Amino acid sequence: MNQTLLIKGGRIIDPSQKIDETGSLLVAEGKIAWLGKGEATPPKTDYEVLDAQGLVVCPGLIDLHCHLRQPGYEEKETIASGTKAAARGGFTTICCMPNTNPPLDNQTAIEYIKAKAAAEAVVRVLAIGCISKGRKGQELAEMGEMAAAGAVAFSDDGEPVLSSHIMRQALDYSRAFDLPVIDHCEDTALTEGGQMNEGVVSARLGLRGIPNAAEDIIVARDLALAQLTGGRLHIAHATTEGAVELIRRAKEKGVRVTAEVTPHHLTLTEERVIGYNTNAKVNPPLRTERDIEALIQGLNDNTIDIIATDHAPHTEGDKLCEFALAPFGISGLETALGSLMGLVHKKQLSLATLIAKLTHEPAKILGAKQGKLGTLAVGAPADVTIFDPNLEWVVDTKDFASKGKNTPLVGEKLKGRVIATIYQGKVVYKDKTIKLKQR
Ligand code: DOR
């Protein structure tokens, strides 16, 4: 049942409407019913009250890039567990990658995700279809059928599209549906056997490196193909100074490109791998301070449009092995906001910019077809995230809703914590400290 709920006296930050002030929000029948600034009170109705004093109230967070592992790898995650993790992390819309088993490369697979999500998800799940059949990079998948079934983008994420010809075709065809092609940029000729960022640390640890150039080369190629075709290119998990510079220049020329960066690539360096910590093994790898500075600058000057988690859950067994055998990936939905708030506390990013990169900006990439997302505008779906920007907490994977406990942040103190997540007017996550009062 949708509740009628007054979220009272919080700091409302909604970049879509350029709002950053104290006020209250009334949620009714699954929609934003009223937004009042200052002490304003809503038109009379019966409602429950959530006291948001001292808390930030913003549009529900949107994650354009996560792995839900279903079908095929349900031991790592399911739509049920992954969406619960999303709710705990403040996300009300998540887009799932198609590197499942079988891969999401046809209409039936997209319909399966929709049906599973309708039955089991606690937040909105949007499916991303493959670029190529079987993610093999050889033949285009049925992009039109998948678009008609509701796919919101195309990607072979986890693998690059090595054929320039197939990438050209994908960018060309995707124009017909006005959907982005999400690009995993990795020249595998340079990354074969690579375990971590190539540099002093990899040399010291005796691990084969993955150079920045492996990313930069494919970014450069696909920017050229986006320019050639006029297709919409979205660069997934950008990690290098060079990629940021290439995207910046392409945007100046008017190429249709957007880009994302993950919380871990913004906050952690390659040093995390020291001790052969398999939970810090991720692809692309954690890079250097210099790359992080460039990524943050890229966010601030809008070269990088959004932050996406690349939530990549694996089992403890998967990661409890020698470094070279461990799969790549970090479980990220539940630590994203806390990690990113560190950048706000260090004044590297404003709170409004951070929220824009997690709400209004990804909503723009998804486009109007998905309805009014990433906004607290009256009439929009009541997707709302409430968080305490100053509450400190220690990451304990026992509390995770995700099956993936694979995070290098175990035991770390983060400052900034989700207090409640509301999806279509329903409280889908609430910290135990929160009590709802009858008016
Ligand atoms: O670290 C990663 N894990 N990078 C990817 O590109 C794929 C992902 C996964 O599916 O585990």
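Everything numeric in this text was worked out from a predicted model, so none of it was measured. All residue numbers in this chain count up from 1 along the given sequence. Note that ligands are numbered from 1 as they come in the structure, with each ligand's atoms numbered from 1 the same way.
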* To do: Could you tell me whether Lys136 and Asp105 make a salt bridge, using a distance below 4.0 angstrom between a side-chain N and a carboxylate O?
  => no
* Would you mind checking which non-hydrogen protein atom is closest to atom 3 (N) of ligand 1, with the distance to 0.1 Å? => Phe328 O, 3.1 Å
* Enumerate the atoms of ligand 1 whose separation from the nearest heavy atom of Ala312 is less than 4.0 angstrom. => 3 (N), 8 (C), 9 (C), 11 (O)
* To do: Taking the side chain as every heavy atom from C-beta outward, state whether Leu376 and Ser16 have any pair of such atoms under 4.5 Å apart.
  => no
* Asked: With a 4.5 Å heavy-atom cut-off, do Asn390 and Lys415 have their side chains touching?
  -> yes
* Is Arg69 near ligand 1, meaning one of its heavy atoms is under 4.0 Å from it? -> yes
* Using a heavy-atom cut-off of under 4.0 Å, does the side chain or the backbone of Asn99 touch ligand 1, or both, or neither? -> side chain
* Asked: Within a reach of under 6.0 Å around OH of Tyr173, are more than 12 heavy atoms found that belong to other residues, nucleotides or ligands?
  -> no
* Structure fact -> The complete set of salt bridge (Lys or Arg N to Asp or Glu O under 4.0 Å) pairs with one or both residues in residues 300-315, sequence neighbours excluded, reads Arg248-Asp301, Lys251-Asp305
* Electrostatic pair Lys116-Glu74, nearest N-O below 4.0 angstrom -> no
* Asked: Any nitrogen or oxygen of Gly329, main chain or side chain, under 3.5 Å from a nitrogen or oxygen of ligand 1?
  -> yes
* To do: Provide the number and element of each atom of ligand 1 under 4.0 Å from a heavy atom of Gly158.
  => 6 (O), 7 (C)
* **Ligand-side contact atoms (ligand 1) for residue partner Val282, heavy atom cut-off under 4.0 Å** => 1 (O)
* Could you pull out, from His314, His184, Glu159, the option with a heavy atom nearest to atom 6 (O) of ligand 1? => His184
* **Test side-chain hydrogen bond (donor to acceptor under 3.5 Å, both in side chains) applied to Thr191 - qualifying residues, sequence neighbours left out** => Glu186
* Asked: Using a heavy-atom cut-off of under 4.0 Å, does the side chain or the backbone of Lys76 touch ligand 1, or both, or neither?
  -> neither
* Who's the nearest protein heavy-atom neighbour of atom 2 (C) of ligand 1, and how far? -> Asn283 O, 3.5 Å
